[in-house]
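These numbers were taken from a predicted model, which means no experiment stands behind them. Numbers restart at 1 for each chain; the letters A, B, ... are given by sequence-line order, proteins then strands.
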Amino acid sequence: MAALDRATEAEEFLSQPGFYQSSVLLPIAAHKRALLYAITTYPVTILIGETGSGKTTQLPQFLHQGGFTSDEKTIACTQPRRVAATTVALRVAEEMGVRIGDEVGYSIRFEDMTGPKTRIKYMTDGMLLREALVDPLLSRYSVIMVDEAHERSLSTDVLLGILKKIRKKRPELRLVISSATLQAEDFMRYFTEGEEDASKVATIVGIEGRAYPVDIQYLQEPCEDYVTRAVETVFDIHLKEGDGDILLFLTGREEIDRVVSLIGEQSSSLHPRSPQILALPLYAGLPSDQQLAVFDPPPENHRKVIVSTNIAEASVTIPGICYVIDSGFVKLRAYNPYTGIESLTAVPISKAAATQRAGRAGRTKPGKCYRLYTSTAFDSLEQQSIPEIQRSNLAPTILQLKALGIDNVARFSFPTPPPAELMVRALELLYALGAVDDYARLTRPVGVRMAELPLDPMLSRTLLASVEDGCWEQMLSIAAMTTVQNVFITHSDSKKAGEQQKRMFSVTEGDHLTLLNVYTAFTTRGKKEAKWARDHMLNFKALSRAVSVRNQLFRYLERHNPGLAEKHCENVTGERIRKCLVKGYFAHAARMQPDGTLRIPGREEELWVHPSSIMFNRKVEWVVFHEVVEGKKLFVRDLSVVEKAWLVEGGGGYWGVKEGR
DNA sequence: GAGCACTGC
């Protein structure tokens, strides 16, 4: 997604009128003294920096000039997304006239562009959390700016909690929390709760942005079907409004593809000499060449309509948008702690998201936003959507907190505490995996090493077991392949060819061994080449990512197993690998019923083998699976055949308890 | 014979 990478915050500044004359003209410049004063005086500064204020690029430079980097100290600025961390760093290095990796650097997974001279460091918030494992007080940083904190991503929330704790032990540390207006007071309360004199701890500073006004239009009456209404609105704008491209927000691929073709069909009725419409889809699962198409200028006499998921809400900025059409819906992940089942459902957006979407129309000139719902419906929307930490599987988070030295996770100060059921469920699983003991303390070495691995705990456990079981070479490949998505290309036009190619690699014992075959074939016969991948209907980018992930995982294993590289696994059978899988995935064991559906012991839910699985339409007895996804039915993905005896042996107490219920 | 919002280590 190289071209998408370009279109981030750094690019937004490039498009600001007057930016190139001098960054002195950015709104933040007028607040330089006030900001430095606030940050010097208060341990915590909540910064309300509107879009286009220049906070992300300028504030770290002010702090650098203001003496916060003397004594070899560094300023950190964290971002929820990798692309933002890299592009902003490149932009700032250019502004300061230094090479990236010298005074200004960035650090994201697989890419560390920092050096001994680095004083301003942009990084993902997940990366800073990793650093805290090694340096619990983050002592090399004088200032930590948490950007986009209002997005409330899982890792941002955990980071805020950790920083709140660190601050008590490091009074000289300065925190800057960058927030949207609505959440500023919440962050203020969060950082000052329990303080004797709150007025001395934190302050709020606001900086105006540089955005043009956006005129908001609502429906008079609610509409039955926002898809058809969206298409009508596109044509209304096209025929009645002035120049400018349209951005339409829908929930997912299916809707988007439908709308793109509807617009295509209906645009044939436009007068051949009048301006035409070019509709383009945009979602993360799209091949990158098609994603890039949204940045191309439209052909002569055409208006561009980009039909997008919420990827265009914050991750991707497309220049030239003057009209936004907002369906009012988004797909969000939900997690049921009782069943352990994840689902993806379309839900109404929050007011904050609606505002963010509308703002996409006012980047280059005054714009218009058409909301496909009534103003009454808008009033009834939640202020913000539920933070991720309240709707996720918390096993990885709790393991991480324990590794950071937070023994009592129930008393940890989260910005928003997760529901107790989520915590209980996560602790149960971690206990069964042997990561925590009877007192919920992290075990050594298993728990500690599991926390080091950047994997789901079940997979971490499996990988650690594979070293003892003599199949780590194979399990590394399997682990890497299950973490990257979309390995098999299944476009509608080439579906059959894809299925056929997949069958070439298939193994009757299940999807894990099939994935191993694909990985091995790609790295040996395929020589890691794009052409080979294409010929076999495999996603080259996904496979290349699997190679990087595998390399990284190998280094983690090697750290505690010196000379591992020489200890090749010999005579590895599929059975040895599947037995090893059971050691991490026993909680995801299921038995096939005579009708072909699956049941987890002790549970009622009827599970179905996903049709993408090698195991689809096959009769077996016991399986372990990687995950459950909810569609029209509950589907399990990535399965392997196992034997009951292995479950009893490898699953320890957990499985026995489940069966006994 | 079904379908994948978006991130991240």
Upstream residue (5' side of DNA chain B) when A:Thr124 and A:Arg637 are each assigned their closest nucleotide: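 Result: A:Arg637.
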
- prompt: In terms of the nearest nucleotide of DNA chain B, which residue is placed more toward the 5' end: A:Gln552 or A:Val330?
  reply: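 It is A:Val330 whose nearest nucleotide is closer to the 5' end.
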
field: Pair A:Asp147 + A:Lys55, salt bridge at N-O below 4.0 Å
entry: yes

- prompt: Could A:Arg81 and A:Glu151 be called an ion pair, given the rule that one side-chain N must be under 4.0 Å from one carboxylate O?
  reply: yes

The side chain of [X] lies closest to which of these nucleotides: [options]?
X	options	value
A:Pro611	B:dC4, B:dA2, B:dC9	B:dA2
A:Pro454	B:dC9, B:dG8, B:dA2	B:dC9
A:Phe616	B:dC4, B:dG1, B:dC6	B:dG1
A:His610	B:dA5, B:dC9, B:dG3	B:dG3

Take the protein atom [atom1] of [X] and the nucleotide atom [atom2] of [N], then report the distance between them rounded to whole Å.
X	N	atom1	atom2	result
A:Arg391	B:dA5	CZ	P	15 Å
A:Glu111	B:dC9	CD	P	10 Å
A:Leu282	B:dC4	CG	P	19 Å
A:Leu159	B:dC9	CG	P	13 Å
A:Arg253	B:dG3	CZ	P	12 Å
A:Tyr283	B:dC6	OH	P	10 Å
A:Phe635	B:dA2	CZ	C1'	5 Å
A:Arg130	B:dT7	CZ	P	20 Å

Have a look at [X] and say if it touches a base, only the backbone sugar-phosphate, or nothing, with a 4.0 Å heavy-atom cut-off.
X	result
A:Arg81	sugar-phosphate
A:Ile108	sugar-phosphate
A:Arg333	base
A:Thr309	sugar-phosphate

task: Apply side chain to side chain donor-acceptor pair (under 3.5 Å) to A:Tyr141 and list each qualifying residue two or more places apart in sequence or on a separate chain.
output: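 Listed in chain order: A:Lys121, A:Glu131.
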
message: Taking side chain to side chain donor-acceptor pair (under 3.5 Å) as the definition, give me every residue that meets it alongside A:Gln552, ordered by chain and number, with sequence neighbours left out.
response: A:Arg109

- request: Please work out which of the three classes, parallel, tilted or perpendicular, describes the rings of A:Phe412 and A:Phe414, given edges at 30° and 60°.
  value: perpendicular

